[in-house]
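Proteins come first, then strands; the chains are lettered A, B, ... in the order of their sequence lines, and each starts at number 1. No experiment lies behind these values; they were computed from the predicted model shown. All heavy atoms count here, side chains included; hydrogens, waters and symmetry mates do not.
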Protein chains: 2
Amino acid sequence: MTDRAAPKRDYEGELKRAGIRLTRPRKVIVGILQATDDHPDALEIFRRAAAIDPSISLSTVYRTMKVLEGLGAIHRHAFEGGPSRFEGAGGEHHDHLIDLDTGDVIEFQSDKIEDLQNEIARRLGYDVVHHRLELYGRKRRKA
Amino acid sequence: MTDRAAPKRDYEGELKRAGIRLTRPRKVIVGILQATDDHPDALEIFRRAAAIDPSISLSTVYRTMKVLEGLGAIHRHAFEGGPSRFEGAGGEHHDHLIDLDTGDVIEFQSDKIEDLQNEIARRLGYDVVHHRLELYGRKRRKA
DNA sequence: TTCAGTGCAAAGCGTTTGCATTGAA
DNA sequence: TTCAATGCAAACGCTTTGCACTGAA
């Protein structure tokens, strides 16, 4: 189990390589993704984008996230209740611990849990395609 | 790790004990919950209820699910994409394996994974309030 | 008798989409 | 020059809510 640092992604290169036009809105949006280590939702990305270029629309944010998701460049997370939140797909796989009081998202990774998941699925006659593991918790206070 | 059989719940008794009126729509709805072992969504519960009493409204289904959830009598699951699905809260805690091809939900339980989750959270300075573990997979074909 | 619970229709929220226009290639 | 991508507004799917009525206690 380890905490991780966020790696950077070459979103523009990935879009180009996929034959997808590098428009002004998309440049702004991927710039925002590169500049963040958190897990913003579409509206938050839209706000940050609008601060740079007020002509960008929320639809375009949604459409761009869909494109990037299709390329595997970002991951979409649907945490409890709220809207989808996005994060760059760089780095190793990890799961999330969500702070119930602040909404903060902490990433962690556990090979042991992954192994156990695969073992359980196998026993049930399945192959795991993907999974979702989210811990919802509160900061432990010193005794 | 074990597969489980679904236990039965005394929803009517729980509502009564909580001082909540046992109306006709609610009787129909909890009857449906008692009669099923699957994980129906609100619309599906509504359809089954309407077959028994066509005057029941979808709003009442939602409101009743909210009440039962508040009592801890049912659990609400938000699996990928789709609407919330409900299940009786009887029996031990378990997690879910969702068949990507059929939508079937298979329940499983792993103390080892639970322990690991708590250990990870503790290391990160958190107490786990609850968690969500979902495996999405496909039936393994015999080699 | 009373007020919690209901059905209905309308609104809410996050997200997607149809369409005429624009701008990257 | 062309057609993918855009902004806008309207629609979507799921869920909640305001309201006047109803029926469980």
Once hydrogens and angles are ignored, does a donor-acceptor distance under 3.5 Å link the base of C/dT6 to the side chain of B/Ser55?
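Flag unset: no donor-acceptor pair detected.
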Report yes or no: is there a donor-acceptor pair, N or O only, under 3.5 Å between the side chain of B/Arg63 and the base of C/dG7?
yes
Just compare [options] and give me whichever is closest to any side-chain atom of [X].
X	options	value
A/Thr60	C/dT2, C/dT15, D/dG7	D/dG7
B/Ile20	C/dG5, D/dA4, C/dT15	C/dG5
A/Pro25	D/dT6, D/dA25, C/dT15	D/dT6

Could you state the [atom1]-[atom2] distance from [X] to [N], rounded to the nearest angstrom?
X	N	atom1	atom2	value
B/Glu44	D/dT15	CD	C1'	17 Å
A/Leu58	D/dA10	CG	C1'	14 Å
A/Leu68	D/dA5	CG	P	12 Å
A/Phe46	C/dT15	CZ	P	14 Å
A/Lys27	D/dT6	NZ	P	12 Å
A/Glu80	C/dG14	CD	C1'	17 Å
A/Arg24	C/dA24	CZ	P	7 Å
B/Arg21	C/dA4	CZ	C1'	4 Å

Hey, does the side chain of [X] come within less than 4.0 Å of [N]'s phosphate (OP1/OP2), counting only N and O?
X	N	value
B/Ser59	D/dT15	no
A/Tyr62	C/dT15	yes
B/Arg26	C/dT6	yes

Using the ring of each side chain (for Trp, its six-membered ring), is A/His75 parallel, tilted or perpendicular to A/His77, with breaks at 30° and 60°?
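Answer is tilted, since the angle falls between 30° and 60°.
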With sugar-phosphate meaning primed atoms plus P, OP1 and OP2, does B/Leu43 contact a base, only sugar-phosphate, or nothing at under 4.0 Å between heavy atoms?
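B/Leu43: no heavy atom of the nucleic acid under 4.0 Å.
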Over all strands shown, is B/Thr23 touching base, sugar-phosphate only, or nothing at heavy-atom distances under 4.0 angstrom?
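Counting heavy atoms under 4.0 Å across all strands, the contact made by B/Thr23 is with sugar-phosphate only.
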Below 4.0 angstrom, N of the basic side chain to O of the carboxylate: do A/Asp127 and B/Arg140 qualify?
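Here A/Asp127 pairs with B/Arg140 in a salt bridge, since their nearest N and O are under 4.0 Å apart.
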Answer yes or no: is there an ion pair linking B/Arg17 with B/Asp10, defined by an N-O contact shorter than 4.0 Å?
yes
Pairwise 5' ranking along DNA chain D for B/Pro83 and B/Leu22, keeping only the more 5' one:
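The 5'-side residue here is B/Pro83.
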For B/Lys16 and B/Lys66, find the nucleotide of DNA chain D closest to each by heavy atoms; which residue's nucleotide sits nearer the 5' end?
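The answer here is B/Lys66.
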Would you say B/Asp104 and B/Ile98 make side-chain contact, with heavy atoms under 4.5 Å?
no
Between B/Arg26 (side chain) and B/Arg21 (backbone), is there a donor-acceptor pair under 3.5 Å?
yes
